[in-house]
Structure formats: structure tokens, C-alpha cells
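Just below is one structure, and these are the notes that go with it.
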Amino acid sequence: MTVWGIIRKEVAYDRAGFVVGLLCITVAIASLVGAVTLLRAHKLRTERIIAEKEAETRRQMERMEDDYRLIMRGMGYNVLVLHEDQQIGELRLHGSPTTYMPLDYVYRLATGQIETLNHLLPILQKRVTWPERDREIILCGVLGQVPNYSKPRHLTSEGVYRDPITHTIPDGTVDLGHDIALAEGLSQGESLRLFDADFTVNRVRRRQGNEDDMTIWCSLEKVQGWFGLEGKINGILALECLCALDAVGAVERDVSSILPDVQVLEMGTRVRTRAEARTRAAEAHQEAVTAELLYQAGLRGEREVLVRLLVPLVMLAAAVWIFFLILGNVRARQGEIAVMRTVGVTGGTIMFIFLAKAALMGLAGGGAGYFAGLAVGALWEGVPLWSTDFSSLFSAGLLGLVLVMAPALAVAAGWVPSVKAARMDPAVILSRE
Amino acid sequence: MTVSGKKEARNPRGQDDRCAGAERSGTATLIVDGLTKRYAGRGREVVALEDVSLELEPGTFSVLQGPSGSGKTTLLLSAGGLLSPDEGRVFVEGHDLYTLSGGAMAEVRARCIGFVFQQFHLVPYLTVFDNVLLPEIAHKQRRLAGRAAELLATFRLDGRADHYPSELSTGERQRVALARALLGRPALLLADEPTGNLDDHNAGIILECLDDFVRAGGTVLMATHGAHRDGRDAVYMIEQGRIVTVNGK
């Protein structure tokens, strides 16, 4: 006969009492593990929701970015880089910039690792009278687009501009604005004379509804020569890259970091409006994600409060229950305790019998409570059992902790009754009879 | 019916005589010297035992006789090291019980003293065999299963070894309790009304078992409130906590 044999047989005899204690521990541990699992499952779910929302936002923004890139490209240049001394009033009055800057500026921008501008087009623009036709025109000398070298995707493998907005105007040709061509009865391939030189109409541009309709484009070199402005330009047209959600100020910052003596004039408010609408859409998406995060954080906070209140209460209730259960057991077994004392069993051994039984109860209840709590917590959060999410909720560390904590709780709860059993006076019990 | 074999006729504890202490003095198994025990109750003191002394030699059967409340159980419990007296000393096999530590006292109880009670106090979830073997958990060596089987055979309980106490008659229960008391080969058996719940037939069997134990060299002190049977070594009449008459052979 061993102490463990006595414990085993007593447990088998008083199965109901042991099972009640075990259930008590199971419920206490299940509430703890369930709460932890609930919070962990909630965290997983929140992370998934947020990740899905962010991915959806990213997909939408990428789609919008492509859309806007195409739209903006179709709408043409929207930024004009001017010399800093250029008065905007003068520009409006004359219809073209009146201050000049070196052609080199465009190459400095192109090689300056600038992110906010694309499609750089140096121009030398002057409002003049077409002497051969006695017509007010805007003469615009263009070199052809200079690629932004920080964006190699704009270049072919041969280093040629992949897809320019404005094509180079071949020597001896001009492009005509819609109104001029119409007024002069000129069309593609026809000849004309301009500043004592003969040109062929390279193409007639579509109607724009602005000063472009009364513009003649020809080679930059020709215009520089006509006006004695060799090596000079008076503007750089560019496409502001609004697709990257940068604020307009970012373009100015970028440009002025390379060319401190220029100013950036924005054109095309429609593009701006659309870009801002897109930015607002992106912000709305971000706000939705933030709102979801806040909502989930609030929900988690409420649950944490509940857990902080509920779990200690349940643990305390379990401890009290086990205390009374073991106390009842001690009272029911006092005759046996007395007899054991008479046959020479020490108080320590008797105490060990009750504490070991409590520890066994705690160990079994802890194990059962862990898996019950895991299942309940997962199901509560809608995580199906046998799923990978469910297995990711399993924590060997928490199981280990529970398998130590539950017996410790049961032993702590059973300590006083066990001490009482150990100190029970057999003489008092035996002399009652 | 015999309690033990020839070897036990010389020594009821057999060869493993661990209860004999170095400080053992004289030959008496039990010496009670000037024992006084008082209880405080409802504002007044009750004297349960007053200056009680007795000395029991090995191989003697003594009866403690007196009415209920006379102090018989108190004397037995004190003699067995279960109830600390207010005054006086108790020696069992030479051990001055109430000078011992709790562990040493438990050891002496395990090795030297057997108890039998009117209410049997069998453990309900243990079989007859396990009940008899129960004292083994107090013994450091674990070789008492053979002894338990031997006692069951002696008390004609071998056919009941796997039964639970609830399946036994009262006489059988008391025999199980007696077998349990004898498992550790005690020198002293303290029996408190062991036949109080038994009919004459079963009482006779129990008394015969006790006689066998005494014949094997053991010492019995039995408390009873009824008339004792003839042939005992000594009868101590106790009234109001005092031994008033001693009739010895």
C-alpha cells in the first residue's frame, strides 16, 4: 500500500467529488485560456481585416494611378518652369515668358534625380507677328522632349525616349495650331514661309481651346537664331507627376533644390482637381482603415476589461469552490484520517495525500480547461476548429503555464483544509464515539 | 484460532523488533505513571483522569472496566500517544511517549501499538486486503503484503480479501480492524470496546483472537463498560477518572 495507491483509490471511490473539482478547475482555466484565445483570435482577425483593407486600397490606388497617369498624360503638360524673375503679369500680358534661362537647365533637371516631374520640354516662346502673313502668333521653338533620367522606364534600351508627349519636329518643318491652320487654310504637307525661311507643315494639332491654337512650333535652334537667343530658353514645360500623391509643393521643392533661380507655375486645374479627388479617395480609404483599427481596438479594449474582471473572479470562485470541496472531503474523511494517525501515518503524509489529490485535480482540470478554452475562444471569434488559424492559436507556452498554474491554484486552495487534516486531533475524533 | 505462529509465541512483533528503543527500561510493555487529564468545558473543569498509574507486562490481557464517561477511552488514547496528558508520563516499550517528536511518536505508534475501536474505522474505498495493509504506508519497508495475507487467513477473511467493508458483516469488519491493528506486529494492543457492536458469537471470536495475541507474547489493554469475562490477567475498575479497584490473577 502506497500513498499514491490510497490517492488513486480515494479518487476512484469519490469520483463525483473529484469530477466536480476537476470541472471547477476546467471552467476556471477555460475562462482564462478562452479569454486569451479570444483576444489572440481577435488580433488575428483584426490583422487580417486591416491587411485585406490595405490590400484593397493598394489595388484601388494602383488602378487609379494607372488611370490618372493615362488621363494626365492625355491632358498634356501641367507645369511651366520659369526663371524666377519672370513676372506672371508680364507672362499673361505678352502671352509668353519674357525672361530667359540657359538651355542647360533642362538637362540639370533631367539628371537631377527629380521624382515629381516627367516629360521635360524646353521651349523658347515669343509672341510675334508672322511677317509673311501679318498675323499675331505665338512662336514656340522646341528641342524635343528631354527624358527624366532618374526614371529609366521612360527610355528604350537604346536610350531613346520611349513614349514622348511631344515628338521632335524635324528640321524644315513646323507644327501649326488648330486656329492658325484654319485661318491660313494650311494643312499637313503644305509649304509656308516664316521669317524668310521655307517650311513644310509637319502636322496640324488638334483644337485645345487655348493659346496653343494660335501657336507655331518649330525647331528651338531656328527660334534662338531668329531672336539672337542662342543657348537660351524661357520655359520648361513638364508633366507634374500627381500620381504619386505628392503635394504640389513637393514639385517646387524638388525643382528649387536643383535650380534655385526658377519658379514653378502650375497649369491645368482640372488635373489638380482630379489629383486632389484621388488624394481624398486615398485618404478616405486610409481613414476607413484607421476607423476599422480604432473600432477593433475599442472592441479589444472592452474585451480586455471584461477579461480583467471576469477571469480573476472565475479563478477566485474556483479557488473558493475547491477550498470548500477539499474541506468537505477532509470532514468526510476524518474517521479515516484518525485511523491513519493511529497506525503511525504522519501529519505530513496526510497533508500530502490531500494536496496531491488537489494537484492531480488541477493538472487534469488545467489540461482539459486549456483545450476547452482554446476551442471556445476560437469558436467565439469564428475560427473553425481544425483550421490552420486554429492551430496557430495553440500555444505550448500557455499550455505549460496552465499545467503549472492550475495545480498551483488547486494546491493553494486546498492548503488550509489539508493543514487542517494534518493537524486534526485523532483523539477528538475517536473519543466522539 | 491463533494470531500468529510459533515464532510470534515468543515475540509478537517477530524478528523485526524496531519499537524497542535504546532507552527501554524494565520489562513492562506499558507503564502509565500518575496520568492526569482535564478538559475545560462550559466554565468548569472536567477531570477525565486523575493520577492514574498502571503497568502492563508482556503477555498479559488487562481489562479497563467502568461506566460510560469514566475515562476509559481517555486513558486508552493517552496510553497510545494520541492524547497528551496534563500530568504524568506514558512509557510504551520503554519509549517516553510525550517527550518524543511528532515523527518519532508516529513511528512508535506504527511499530509498537495497535488500536481497535468499537466503530472499526475501516476505509470504505479500500478492499479488505488493502484495509489490513493500510499501516504499510507508515512503515519504511514495503514488505507487509505477505503478513497481511497471513493475517487474513488467520482471521478467516482470505475469501473476503477483495470485498469492500460495506459488503462485510459487523463481525467480519471487526476482524479486519483487528488484523489491521496487528499488521505491524505491535507489542501493545489498545482495544476500545471492540465487542461493543458485536453479538455474543462474534464477540467471542474477537476475544479469542485477542487471547491468541496475548499467548503469543503481546499485551492487551481492553476498555469495556460491560462485565468482563473471567480469566483475564487484570481488571482495572475506573470511576470518575480514577482507578478504584484492581483485580489481578
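Naming: A, B, ... by sequence-line order, numbering from 1 per chain.
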Applying a strict 4.5 Å limit to non-hydrogen atoms, the region of A:Arg341 in contact with chain B is both
Can you tell me which portion of A:Asp425 sits under 4.5 Å from chain B's heavy atoms? Options are side chain, backbone, both or neither.
side chain
Does a side-chain heavy-atom distance below 4.5 Å link A:Glu10 with B:Leu126?
no
Heavy-atom check, side chain of A:Met340 versus side chain of B:Ile137, under 4.5 Å:
yes
With side chain to side chain contact (heavy atoms under 4.5 Å, CB included) as the test, would you mind laying out the steps for A:Val343 and B:Arg109 before giving the verdict?
CA-CA 6 Å; A:Val343 300; B:Arg109 279 204 296 270; over 6 Å; no
Of the listed B:Ser84, B:Ala106, B:Gly80, the one with the largest count of heavy-atom pairs under 4.5 Å with chain A is B:Ala106
Verify the neighbour count for atom CZ of B:Arg38: are there more than 12 heavy atoms of other residues, nucleotides or ligands below 6.0 Å?
yes
Side-chain contact, heavy-atom cut-off 4.5 Å: B:Val123 with A:Val339?
no
First locate atom OG1 of A:Thr342, then atom CZ of B:Arg180, and finally report the distance between them rounded to the nearest 0.5 Å.
6.5 Å
Roughly how far, to the nearest 0.5 Å, is the CD1 atom of A:Ile6 from the CD atom of B:Glu136?
10.0 Å
Quick check on A:Phe394: does its CZ atom have over 12 non-hydrogen neighbours (other residues, nucleotides or ligands) under 6.0 Å away?
yes
So which residue, B:Asp130, B:Leu122, B:Ile113, ends up with the most heavy-atom pairs under 4.5 Å with chain A?
B:Asp130
Which atom of B:Ala138 lies closest to which atom of A:Val345, heavy atoms considered
CB-N, 3.7 Å
Looking at every non-hydrogen atom in both residues, tell me the closest pair between A:Arg333 and B:Tyr125 and how far apart they are.
NE-CE2, 3.7 Å
Tell me the closest heavy-atom pair linking B:Pro124 and A:Glu336, and the distance in Å.
CD-OE2, 3.3 Å
Other residues, nucleotides and ligands only: do more than 12 of their heavy atoms fall within 6.0 Å of CD on B:Gln240?
no
OG1 of A:Thr346 to CE of B:Met105: how many Å apart, nearest 0.5 Å?
13.0 Å
Leading residue by heavy atom contact count with chain A [cutoff under 4.5 Å; candidates B:Gly114, B:Ala110, B:Ala181]:
B:Ala110
